[in-house]
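Please read these numbers as outputs of a predicted model, since none were measured by experiment.
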Amino acid sequence: MAESAVVSNAVGLAALREEFSGPRDWPIRKLLDTVRRTTASPLEVCARFHLLAAGFRIEEEVLLPGVGRVDFLIDGWLIVEIDGYAFHSGRVEYRKDRQRWNGSSSGGWITLRITAEMILHQPDEFVGLVMRTRDTWVGNGARQQALAQPTGR
């Protein structure tokens, strides 16, 4: 939540660090060190936390040719999109999401579409799904094929 507040300029990172400058506030300061200014979505912040805690190598906000910007790219080939209802509920958003999904599929990318509920209420299932997908497709050569495709950032 702090990251979303910082990105949306509701509060400054320096102000948060000052507020939590006491000797017992070190765990909060450690979390503040992970704040990035790349995303304002609380769901993406939570997803990133779980992915990093599980040891995944992730890239955020990656621009892929024929697809557009994706939320996360795992190991350079597995797309993870976080679909919160607020940003994906309208007809225009729905069509844009389908176009991007078709672009990723036709381009050889593997895409997981993750709901807000899974991130917030079933994080272990989320991490397990990403692990199983990665492990399944690595054996099928998808990783090598996808790594040969250029990404644009």
Side-chain angles (χ1 to χ4, degrees), residues 1-14 16-17 30-153:
M1 295 301 143
E3 182 162 339
S4 293
V6 168
V7 171
S8 65
N9 293 316
V11 66
L13 190 55
L16 287 172
R17 286 195 171 117
K30 187 173 180 181
L31 284 174
L32 290 175
D33 288 341
T34 68
V35 169
R36 297 189 178 115
R37 298 191 65 86
T38 58
T39 181
S41 164
L43 289 174
E44 290 177 25
V45 173
C46 291
R48 184 182 73 226
F49 172 81
H50 294 303
L51 291 168
L52 289 174
F56 289 107
R57 184 176 64 87
I58 68 170
E59 297 172 75
E60 300 173 71
E61 308 284 328
V62 178
L63 183 63
L64 298 177
V67 179
R69 186 201 59 80
V70 299
D71 295 333
F72 299 99
L73 193 62
I74 309 294
D75 290 341
W77 63 271
L78 174 59
I79 297 170
V80 175
E81 290 280 29
I82 310 302
D83 291 343
Y85 186 77
F87 295 104
H88 300 270
S89 60
R91 183 176 298 274
V92 172
E93 294 85 1
Y94 176 82
R95 286 183 177 147
K96 185 177 177 184
D97 282 347
R98 297 298 80 70
Q99 181 180 14
R100 292 176 66 245
W101 196 1
N102 289 337
S104 68
S105 296
S106 67
W109 300 95
I110 309 302
T111 303
L112 293 176
R113 301 189 69 93
I114 308 297
T115 64
E117 291 79 12
M118 181 177 267
I119 297 296
L120 297 174
H121 304 297
Q122 301 161 323
D124 291 340
E125 287 186 34
F126 163 57
V127 169
L129 176 63
V130 174
M131 281 185 183
R132 286 190 309 278
T133 304
R134 180 198 59 193
D135 294 348
T136 297
W137 286 95
V138 165
N140 291 332
R143 179 178 181 183
Q144 290 77 20
Q145 176 187 352
L147 287 175
Q149 298 181 19
T151 62
R153 292 199 184 112

Nearest atoms (heavy-atom pairs only) where D71 meets V80: CB-O, 3.4 Å

Contact check, side chains of I58 and L52, non-hydrogen atoms, under 4.5 Å: yes

Pairwise distance CD(Q122) to CG(L129) - rounded to 0.5 angstrom: 11.0 Å

D97 side chain near E81 side chain, heavy-atom distance below 4.5 Å: no

Validation row: L43, L120 side chains within 4.5 angstrom (heavy atoms): yes

Q99 atom CD, neighbour heavy-atom count above 12 within 6.0 Å: no

Closest heavy-atom pair and its distance - W77, W109: O-CE3, 3.3 Å

Partner set under side-chain contact (heavy atoms from CB on, under 4.5 Å) for R95, not counting sequence neighbours: R91

Approximate separation, where rounding is to 0.5 Å, of M118 CE and D124 CG: 10.5 Å

Straight-line distance of D83 CG to W101 CH2, nearest 0.5 Å: 8.5 Å

Spacing of NE2 belonging to H50 relative to CD belonging to E125, to within rounding of 0.5 Å: 12.0 Å

Nearest non-hydrogen partners of F72 and E44, listed with the distance: CZ-O, 3.4 Å

Nearest heavy atoms of G76 and R57, plus distance in Å: N-NH2, 3.5 Å

Close side-chain approach of I79 to L64, heavy-atom, < 4.5 Å: yes

E117: side-chain contact (heavy atoms from CB on, under 4.5 Å) partners, not counting sequence neighbours: T115, H121

Pairing residues for S104 by the side chain to side chain donor-acceptor pair (under 3.5 Å) criterion, not counting sequence neighbours: T111

Closest approach of F56 to I74 (non-hydrogen atoms, all atoms of both residues): CD2-CG2, 3.7 Å

Heavy-atom pair of closest approach, residues C46 and I119: CB-CG2, 3.6 Å

